[in-house]
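Note sheet for the following structure.
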Amino acid sequence: MNGKKLKFYLPVLTMTLFLLSGCSSSQGIFKGNKSGLLPFSGEVWRINSRNGNAISTSGLELGFGCKWMVTDTTLLQTPEQISSYPKFAEFLKKGIRRFPEIMVDSILFYHLERGLLFAEYHQVKPLKPTSEISLYNDSIPVYSKDWARIFGIMYTCVNDNFWEKGPEEGTVFTNLRYSQKDKQFVLLQRIPYKGRNIAVFHICSTIPRKGKWWEEYPYCIFSQTDYGNTDNIDLISVYLNSARTVAVDNLKLSQNKE
């Protein structure tokens with residue numbers, strides 16, 4: 001490489017390394033336990049046999065948007081559980097790093113059957129939501145009162161004056177990012193919950209073409225759906241709508257509503 005080309009590429013390389021180091025620092029170094037992930041909260045979670053929600057030793061209750069998995073829900077909540085699968089920690093780290101605007105402080109648990117990672121976080125820099133979800137007052141007409149009661153309402157027009165500090169009580173902010181290379185959707189929901197900032201990462205990926213994924217990852221985390229094929233938009237829409245019910249479930253719990 002001659003001198004002129006070196007002078008041109010050196011600043012570019014320096015800037016690239018700076019950006020990469022900044023991105024990794026914004027999400028921590030993922031050290032400190034056997035899984036290579038950020039610290040776990042240390043709370044012990046169990047499933048409430050009455051309603052299917054997760055309840056911690058501190059009394060925090062989190063919902064999953066459905067009641068049908070009351071007895072067969074698996075919550076991975078320790079580094080040892082994560083590290084028992086060779087590539088699982090990297091899979092979760094990649095999902096978290098789709099959103100460098102927030103810092104995950106501790107992981108609560110991973111819901112295996114639905115592919116949901118629950119964590120506590122704080123905001124590093126403003127992240128404008130692509131939609132807001134809040135519970136509707138039954139007196140306000142929307143598609144129907146039943147619809148509003150079950151699903152709440154999604155605002156696709158985000159108020160430009162009130163999003164920079166993050167969601168306020170009673171509102172869930174949602175963002176969605178997609179990787180064509182990995183054929184992976186990561187939908188992030190930020191939920192203010194009784195003084196705690198809860199992040200839910202919905203990580204949904206197409207089954208890899210190569211590798212022994214059935215040995216290196218837990219069961220159920222990959223989908224048969226090809227997320228790179230727009231012909232599957234209906235299946236993708238069903239998944240995204242199910243994510244909305246997770247937000248509404250936790251809004252109700254945060255406001256002590258059944």
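Index from 1, following the sequence.
Partners of Tyr193 by ring pair (Phe, Tyr, Trp, His ring centres under 6.0 Å), not counting sequence neighbours: none found. With sequence neighbours excluded, the residues satisfying ring pair (Phe, Tyr, Trp, His ring centres under 6.0 Å) with Tyr110 are Phe88. Residues that satisfy the side-chain contact (heavy atoms from CB on, under 4.5 Å) test with Ser56, not counting sequence neighbours, are Glu43, Trp45, Ser58, Leu60. Judged as a side-chain contact (heavy atoms from CB on, under 4.5 Å), and not counting sequence neighbours, the contacts of Ser223 are Thr225, Tyr227. By the side-chain hydrogen bond (donor to acceptor under 3.5 Å, both in side chains) test, Tyr217 pairs with no residue at all, sequence neighbours left out.
Formation of a donor-acceptor pair under 3.5 Å by the Ser254 side chain with backbone atoms of Gly170 is not found in this model. With hydrogens and angles disregarded, no donor-acceptor distance shorter than 3.5 Å links the side chain of Thr171 to the backbone of Pro167. At least one donor-acceptor pair closer than 3.5 Å links the side chain of Gln81 to the backbone N or O of Thr78. Arg98 contributes no side-chain N or O that, together with a main-chain N or O of Phe201, makes up a donor-acceptor pair within less than 3.5 Å. Of the possible donor and acceptor atoms, one in the side chain of Gln189 sits under 3.5 Å from a partner among the backbone N and O of Ala243.
Sparse packing is recorded around CD of Gln224, with 12 or fewer heavy atoms of other residues, nucleotides or ligands lying under 6.0 Å away.
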Take Tyr121 and Met103 through the test side chain to side chain contact (heavy atoms under 4.5 Å, CB included) and record every step on the way to the result. CA-CA 5 Å; Tyr121 78 96; Met103 169 78 78; over 6 Å; no

Would you sort out whether Arg97 and Lys94 count as a side chain to side chain contact (heavy atoms under 4.5 Å, CB included), showing the intermediate values? CA-CA 5 Å; Arg97 284 173 174 159; Lys94 189 176 289 186; 5.8 Å; no

Given the rule in the side chain to side chain contact (heavy atoms under 4.5 Å, CB included) test, do Phe173 and Leu127 qualify, once you have shown the distances and angles that lead to the verdict? CA-CA 9 Å; Phe173 281 179; Leu127 172 60; over 6 Å; no

Under the side chain to side chain contact (heavy atoms under 4.5 Å, CB included) rule, what do Val172 and Asn250 come out as? Steps first, then yes or no, please. CA-CA 9 Å; Val172 173; Asn250 288 289; over 6 Å; no

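Applying the salt bridge (Lys or Arg N to Asp or Glu O under 4.0 Å) rule to pairs touching residues 161-173 yields nothing, sequence neighbours excluded.
Below 30°, between 30° and 60°, or above 60°: for Phe64 and His111 the angle between ring planes is above 60°, a perpendicular geometry.
Contact check for Phe118 versus Leu116: side-chain heavy atoms found under the 4.5 Å cut-off.
Using modelled atom types, one finds no donor on one side chain facing an acceptor on the other under 3.5 Å when comparing Asn175 with Glu101. Side-chain contact annotation: Glu113 with Tyr219, donor-acceptor N/O pair under 3.5 Å present.
At a threshold of 4.5 Å between side-chain heavy atoms, the hydrophobic network of Ile, Leu, Val, Met, Phe, Trp and Tyr places Leu112 and Ile82 in one connected group.
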